[in-house]
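Letters A, B, ... are given to chains in the order of the sequence lines, protein chains preceding strands, and every chain is numbered from 1. As the structure is a computational prediction, the values presented were derived from the model and not from experiment. What's counted below: heavy atoms across the whole structure, side chains too, no hydrogens, waters or symmetry copies.
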2 protein chains.
Amino acid sequence: MSRAQRAISDLKLGFRPLYRQVREILIKRIADGTWQPGQLLPSEPEIAAELDVSPGTVRKALDEMTAENLVVRRQGRGTFVARHDDARILFQFFKLLPDSGTPEFPESKVLRVTSGVHEEAAGRLGRQPKERIIVLDRVRMLGGRLCVLERIHLPAFLFPELENREIPNNLYQLYATGFGVTIGHASEQLKAVAATADEASYLQVDAGTPLLRIDRIAFALDERPVEWRVSLCRTDRIHYLSDLR
Amino acid sequence: MSRAQRAISDLKLGFRPLYRQVREILIKRIADGTWQPGQLLPSEPEIAAELDVSPGTVRKALDEMTAENLVVRRQGRGTFVARHDDARILFQFFKLLPDSGTPEFPESKVLRVTSGVHEEAAGRLGRQPKERIIVLDRVRMLGGRLCVLERIHLPAFLFPELENREIPNNLYQLYATGFGVTIGHASEQLKAVAATADEASYLQVDAGTPLLRIDRIAFALDERPVEWRVSLCRTDRIHYLSDLR
DNA sequence: TAGTGGTCTAGACCACCAT
DNA sequence: TGGTGGTCTAGACCACTAG
């Protein structure tokens, strides 16, 4: 389609800015694996020529994608698909920090992995009630100290054979490189709750101890919810950081 | 200074992009009251002509300021200094939402206002230990239900005679319009704690009930810390929302 | 209808990086 | 040294708002 024709169809159909259309095309290429995490993108003029738009329009699309942590620019080298490396997880998805000292990526120990029908999880993940759900329980440590107990729910069809795999510390990297599911953003709801006897024994506290409960839904690049995670945290030496900007 | 001269001084001193210099000039005008909250800014070409830069550079500065909620653009009308109206507070600074139902601005009831030496607060606010600090206690309600008990600490020299004023529900609007102190952003640390007997009686819960403790430092446009706030929240029917993007 | 911000284009020059 | 992203400029046209 020529530029003139495209402009006309924009007028007749619902209007979307050209740079947003470019952005969606580029995101689709990351989501479907055409461009893998860590891979170098074509240069801005190359993308512009291929899509028949001006370089400034590609630049504006990449500006937004940089702000969303979907790509990383390195001056003099190029633009790369963002990877879920530990540093990014720590910055974007892990908000629990020691009250004093430097931020740290937590170590994890898997307690069990099961799967089956789980209607509540299916509902939270936008799936049919009887679809198979994988449930992963683990504890996490910061500074060698146990502080998080969490349960993770996943739609089984997106993560085939996950039960039979080695479960690494960095799950979002596994989702991306092992199953082609890239987490783009997440939404968390926080409450203060009292530890049950069971939870208390895992976290080595008394029953009834106040815990921070984090209820997270994580979304893939195509905006589908793909993970439901409930984390229980003892916050006697760590806190949850939230910046309001 | 001509453009050529400015370019040379940029090279010799530490380099800062022109659009960031423009941004800082514009923020300064908001911070010092040259442009009041709600006021219409000059048009982009006018600002560009006055500062002797191209319109695109002004646009990029305003792009960033829009993303930071410092100004609001309205197509066809102009660009306005952002106001701390209830809608903005609700969106940017008040993250406690009902578990079901629509977001709502909380009502407040002031318990007491005092002032005096408060070394811990002075330290958190970057002031000298003996500087006078105003302390404001209040409770807040959502849906007619009492759910937050909070203590707010302010450097007295920035808020003269605040003790003798009517204290409105929307404090950040008061800071801006009554004292010329505009809050730009804030940082919160969250923990789960057990209610003391005193706290429990205010919040109408049993002593030991888990509460969400929010420890906030709020910063003015010049990046000085100007408010320290500790909020204790019962989260049986509300939660704290955090979006990870 | 006039004026504003929103979008798109086009091209120049600079800073940074790999080689 | 060549290629990349980073910055800055200049101007056209469109969509929205107010009068």
(message) side-chain contact (heavy atoms from CB on, under 4.5 Å) for N69(A) and R245(B)? Distances and angles first, verdict last.
(response) CA-CA 8 Å; N69(A) 295 306; R245(B) 291 193 171 269; over 6 Å; no
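If you take CZ of R74(A) and C1' of dA18(C), they are 13 Å apart, rounded to a whole angstrom. Regarding Q21(B), its CD atom lies at a distance of 12 Å from the P atom of dT7(D), rounded to whole Å. Whole-Å rounding puts the Q75(A) CD to dA18(C) P distance at 12 Å. Taking atom CG of residue L40(B) and atom P of nucleotide dG3(C), one finds them 14 Å apart after rounding to whole Å. Here dG6(D) presents its C1' atom at 9 Å from CD of E44(A), a figure rounded to the nearest Å.
H185(B) and E223(B) share a side-chain donor-acceptor pair at under 3.5 Å. No side-chain donor from either of Y240(A) and E188(B) sits under 3.5 Å from a side-chain acceptor of the other. Residues E150(A) and S231(A) have side chains that bring a donor and an acceptor to within less than 3.5 angstrom of each other.
Between T57(B) and dT7(D) there is no side-chain polar atom (N or O) within less than 4.0 angstrom of OP1 or OP2. Phosphate proximity of dG5(C) to R59(B): absent, as no side-chain N or O sits under 4.0 Å from OP1 or OP2. The side chain of K60(B) contributes no N or O atom lying less than 4.0 Å from OP1 or OP2 of dC8(D). Between R77(B) and dA18(D) there is a side-chain polar atom (N or O) within less than 4.0 angstrom of OP1 or OP2. Regarding contacts with the backbone of dG3(C), every side-chain N or O of S43(B) stays at 4.0 angstrom or more from both OP1 and OP2. The shortest distance between the side-chain N/O atoms of Y19(A) and the OP1/OP2 oxygens of dC8(C) is not below 4.0 Å.
Both distances falling under 3.5 Å, in either a Watson-Crick or a G-U wobble arrangement, place dC16(C) opposite dG3(D).
At a non-hydrogen distance threshold of 4.0 Å, G78(B), T79(B) from residues 78-85 of chain B come into contact with DNA chain C. Contacts between residues 62-73 of chain A and DNA chain D, defined by a heavy-atom separation under 4.0 Å, are made by R73(A).
Closest heavy-atom contact between F159(A) and I134(A): O-CD1, 3.7 Å.
Contact of the W35(A) side chain with the L40(A) side chain is not registered, since no non-hydrogen atoms from C-beta on lie closer than 4.5 Å.
Closest to the side chain of V53(A), out of dT7(C), dG5(D), dT9(C), is dT9(C).
Projected onto DNA chain C by closest heavy-atom contact, G76(A) and G56(A) fall at different nucleotides, the more 5' of which corresponds to G56(A).
F179(A) carries R165(A) over the face of its six-membered ring, with the cationic atom under 6.0 Å from the centre and within 45° of the normal. Both tests hold for R74(B) against F80(B): distance to the six-membered ring centre under 6.0 Å, angle to the ring axis within 45°.
Exactly one residue among R124(B), K191(B), R229(B) makes a salt bridge (Lys or Arg N to Asp or Glu O under 4.0 Å) with D215(B). That residue is R124(B).
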